[in-house]
Amino acid sequence: FFVRKVSSRGLMLVNVIPLEEYVEGVVENEMPTSWPLSALKAQAVASRTFSVFRMLAARDKAYDVRPDFQAYAVPENKSENVDRAVKETAGIVMVYKGRVFPSFFHGMCGGVTDYAGNNWNYPFKFPENVQYCKFCSENVEKVTWSCSFAAGDIERTDSGGYGRSS
């Protein structure tokens with residue numbers, strides 16, 4: 001790792017690791033390691049593709065990916081299946097018209113997805129809007145989200161919605 005001064009009041013700690021090691025840490029944390037090898041391989045390729053896309057987009061930054069991009073963590077107990085999936089797909093990324101593209105993925109969509117172009121401005125034609133996701137719709141009750149804020153931390157935004165104040 002290295003430390004970089006980012007302002008007169010702050011430092012940035014950057015963890016430097018090989019790409020394949022990072023991918024292994026993402027796959028271990030994005031999905032159950034007991035899933036079939038083919039699913040782990042698909043996740044490895046999607047994660048690697050997203051990571052390489054971010055690396056290319058962040059050439060002028062001190063880091064390639066942020067912790068909120070993917071669920072990376074150093075595996076406590078390495079999974080043989082994940083290790084195999086990452087090794088058997090090493091270096092494989094998805095490309096569109098010769099360019100690595102942002103392979104967005106999620107673990108749970110809540111039952112409905114949206115056209116990616118509505119959320120991200122990239123020069124790629126994304127798949128059309130998917131209105132209904134059967135898997136997530138049937139499993140949404142098994143996943144819970146919660147977020148707590150103090151009343152003073154929430155403020156009205158210019159768009160009329162609400163956001164968290166800094």
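One-based numbering along the sequence shown. Being a predicted model, the structure only gives us computed values, none of them experimental.
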**Q** List the steps, then state whether side chain to side chain contact (heavy atoms under 4.5 Å, CB included) holds for L19 with M55.
**A** CA-CA 10 Å; L19 176 62; M55 291 167 71; 4.2 Å; yes

**Q** Measure across F101 and F53 and return the closest heavy-atom pair with its distance rounded to 0.1 Å.
**A** C-CD1, 3.7 Å

**Q** Given R84, which of L37, L40, T89 fulfils the side chain to side chain contact (heavy atoms under 4.5 Å, CB included) condition?
**A** L37

**Q** Which heavy atom in T33 sits nearest to a heavy atom in N81, and how many Å separate them?
**A** O-ND2, 3.8 Å

**Q** State, to 0.1 Å, how close A44 and A85 come at their nearest heavy-atom pair, and which atoms those are.
**A** CB-O, 4.3 Å

**Q** Please report the shortest heavy-atom distance between Y72 and E21, naming the atom on each side.
**A** CE1-O, 4.2 Å

**Q** Step by step, work out the side chain to side chain contact (heavy atoms under 4.5 Å, CB included) result for R48 and E20.
**A** CA-CA 8 Å; R48 185 180 302 106; E20 298 304 321; 2.7 Å; yes

**Q** If we ignore hydrogens and angles and just use 3.5 Å, is the side chain of E88 paired with the main-chain N or O of K41 as donor and acceptor?
**A** no

**Q** Hey, are E30 and S47 close enough side-chain-wise for a donor-acceptor pair under 3.5 Å?
**A** no

